There are 2 protein chains.
Amino acid sequence: MADRPRRIPEATVARLPVYLRSLLQLAGEKTGTISSERLAEMAGVNAAKVRKDLSYLGSYGTRGVGYDVEYLLFQMSRELGLTQDWPVVIVGIGNMGQALANYPGFTSRGFPIAALVDADASKVGHEVHGKRVRHIDELPDIAAEQHIAIGIIATPAHAAQDVADRLLAAGVTSILNFAPAVINVPATASLRKVDLAVELQILSFYQQQRDNEGDGAAAPAPSADAAG
Amino acid sequence: MADRPRRIPEATVARLPVYLRSLLQLAGEKTGTISSERLAEMAGVNAAKVRKDLSYLGSYGTRGVGYDVEYLLFQMSRELGLTQDWPVVIVGIGNMGQALANYPGFTSRGFPIAALVDADASKVGHEVHGKRVRHIDELPDIAAEQHIAIGIIATPAHAAQDVADRLLAAGVTSILNFAPAVINVPATASLRKVDLAVELQILSFYQQQRDNEGDGAAAPAPSADAAG
DNA sequence: GTCAGGTCGTGCACGTGTTCACAATCAAGT
DNA sequence: ACTTGATTGTGAACACGTGCACGACCTGAC
Ligand SMILES: NC(=O)c1ccc[n+]([C@@H]2O[C@H](COP(=O)([O-])OP(=O)(O)OC[C@H]3O[C@@H](n4cnc5c(N)ncnc54)[C@H](O)[C@@H]3O)[C@@H](O)[C@H]2O)c1
Ligand SMILES: NC(=O)c1ccc[n+]([C@@H]2O[C@H](COP(=O)([O-])OP(=O)(O)OC[C@H]3O[C@@H](n4cnc5c(N)ncnc54)[C@H](O)[C@@H]3O)[C@@H](O)[C@H]2O)c1
């Protein structure tokens, strides 16, 4: 109720979902309270960071005891906007788009796959995971009818910017891009990307460093962070 | 030849593949030289950052002119370890694992899919994209024979840590994890993760902030960075 | 009521990453 | 040779993120 002066750092926002996953697991195990130390271990970060991150949500812990799992779960869900469902549209129903459409994990976490669209006439009309593929030209209607705010781009790279523009024009202001292409969106929209080739290249960089060890100092470990 | 005192920052390493992709495009367009300004635009970053990032590779630019595309391409490929192929093993040939196995983009970028393994006896023996699925118990032999240094985990979350341990035991020291689970690896290995549910939750956080605009100050834009 | 043990919340110092600004340098034209 | 215009490479300031250390506070035992 009382408005604290909160502006959650981006790095913290990126970690909240990881804490959330840990908390869901704890809730399933009927754990009542959890210490920052143990939560840190589950999330793969350090305890001070957990406490600082959680402090941005509010003072929900109890000194000497820890955090109430259920209560923290509720507050975190609320903060992340997970008290409501966020219908998602997948654009580009090829190899990757179909795999995503078939994945039940999105729906179960509050991101139901509301629509599938493609530009290829031979794909339109087909059913994938019980959903009919519709033409991308129908995007404005689909987005409006189903209140879609999030779009996933799974088209070839050369189509990605055009698809992004169409999504934005249809009122979709959160975009997750799978295509290996840089796309531009206005500051009023959010964009995140998943580029597997980039990930592999980062791995190969450090792998090569390790292979060439002995040339001088030891190579540092990258230890997954950026890739969340 | 001359060894400069280089230790490339992690943030820079994560951007090099993006520059590389831009350079490949330019090379295809027969562009001779490129300025940091234009490369920055293509990569979606700021020009000063491009220059600083490239300076870690060496002084490969020419003042008043820019960077020679071919030469920079070569130097960057060498730095990222892309002058050789890096055979990859995919563990968990389900929905996602099959989509990855069918993707030609990995092989074309120097990451040939060398092996597919699964624990499910009913999947072993089947062919996916012309490759026979083998049992995960064979990992040590497979990794050694095919000189595999990179593994992709596409199993359910509960199996991820065990699979990671098996990969490490088989000598695979670079891991890309798709499963929504925190896994631990020794400092002598590299780990990167791709967690789509986390990405969607980050998007929903900022989406909610925008939806609730007017409660106070305007929400900041996340602008894809962490997710690369 | 007091003490002991435990854990949170956070100030502070440190390290990393980003951006600005500008001298250094190059090519080309005259 | 000199000037002009362009662009790099980098020092320095700044912003952001991390981790330590410790006071504040809670619970339970006696
Ligand atoms: N499949 C993978 O494992 C994988 C891995 C890494 C990256 N990617 C990337 O993900 C994207 C999709 O990969 P894929 O394997 O599914 O490709 P795909 O070729 O199998 O599917 C692409 C789909 O996009 C559709 N499409 C093309 N242009 C379109 C447009 N303008 N509007 C709407 N739809 C359009 C096509 O009809 C097709 O159905 C690609 O950019 C690829 O590089 C895929
Ligand atoms: N499919 C998607 O679009 C998607 C999206 C986001 C995240 N993910 C994640 O990626 C992972 C794979 O997803 P999926 O849809 O392919 O799941 P899936 O159930 O279709 O496939 C999992 C495969 O892993 C195999 N497996 C199970 N335990 C194993 C073990 N110990 N060793 C080797 N193989 C084992 C199974 O036999 C199965 O073939 C999951 O963790 C999932 O949460 C998938």
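Keep in mind the model is a prediction, meaning the values are calculated, not measured. To find a chain, count down the sequence lines: A is the first, B the second, and so on, and within it residues start at 1.
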Once you round it to whole Å, what is the distance between [atom2] of [N] and [atom1] of [X]?
| X | N | atom1 | atom2 | result |
| --- | --- | --- | --- | --- |
| B:Leu39 | D:dA6 | CG | C1' | 17 Å |
| B:Leu57 | D:dT8 | CG | P | 14 Å |
| A:Ile8 | D:dG17 | CD1 | C1' | 15 Å |
| B:Leu72 | D:dG9 | CG | C1' | 14 Å |
| A:Glu10 | D:dT18 | CD | C1' | 16 Å |

How far does CG of B:Leu191 sit from OG1 of B:Thr173, to the nearest 0.5 angstrom?
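Taking CG in B:Leu191 and OG1 in B:Thr173, the distance rounds to 11.5 Å.
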With rounding to the nearest 0.5 angstrom, report the CG to CD distance, A:Leu24 to A:Glu29.
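The CD atom of A:Glu29 is 11.0 Å from CG of A:Leu24, to the nearest 0.5 Å.
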Answer yes or no: does a side-chain N or O of B:Tyr67 lie under 4.0 Å from OP1 or OP2 of D:dG9?
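Indeed, a polar side-chain atom of B:Tyr67 lies that close.
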Can you work out whether A:Asp53 or B:Gly61 has the more 5'-proximal nearest nucleotide on DNA chain D?
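On the 5' side of the pair lies B:Gly61.
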Can you tell me if B:Glu37 has over 12 outside heavy atoms packed within less than 6.0 Å of its CD?
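No.
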So which protein N/O to nucleotides 24-29 of chain D N/O distances come out below 3.5 Å?
{"residue": "D:dA24", "atom": "N3", "partner": "A:Arg63", "partner atom": "NE", "Å": "2.8"}
{"residue": "D:dC26", "atom": "O4'", "partner": "A:Arg63", "partner atom": "O", "Å": "3.0"}

Say whether, by atom type as modelled, one donor and one acceptor occur between the side chain of B:Trp86 and the main chain of B:Gly81 under 3.5 angstrom.
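Side chain of B:Trp86 to backbone of B:Gly81, a donor-acceptor pair under 3.5 Å: yes, one is there.
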May I have the list of side-chain donor-acceptor pairs in residues 146-154 of chain A shorter than 3.5 Å, sequence neighbours left out?
none

When we call it a touch if two heavy atoms are under 4.0 Å apart, what does B:Arg15 touch: a base, just sugar-phosphate, or nothing?
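Contact class for B:Arg15: sugar-phosphate only.
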Checking all strands, does A:Ala48 fall into the base, sugar-phosphate, or nothing category for heavy-atom contacts under 4.0 angstrom?
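Since a base atom lies under 4.0 Å of A:Ala48, the category is base.
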Partners of A:Phe178 by ring-ring contact (aromatic ring centres under 6.0 Å, His included), sequence neighbours excluded?
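Here no residue qualifies.
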Return the set of residues passing ring-ring contact (aromatic ring centres under 6.0 Å, His included) with A:Tyr71 (not counting sequence neighbours), or none when no residue passes.
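Partners of A:Tyr71 under the ring-ring contact (aromatic ring centres under 6.0 Å, His included) test: A:Tyr60.
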Shortest non-hydrogen separation from A:Ser190 to B:Leu203 and the atoms involved:
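Nearest heavy atoms, A:Ser190 then B:Leu203: CB-CD2, 3.7 Å.
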Could you give the start and end, 5' to 3', of the contact zone on DNA chain C for chain A, using atoms under 4.0 Å from its heavy atoms?
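It runs C:dG6 to C:dC12.
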List the residues meeting side chain to side chain contact (heavy atoms under 4.5 Å, CB included) with A:Ala43, not counting sequence neighbours, and say none if there are none.
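So A:Ala43 forms a side chain to side chain contact (heavy atoms under 4.5 Å, CB included) with A:Val18, A:Tyr19, A:Ser22, A:Val45.
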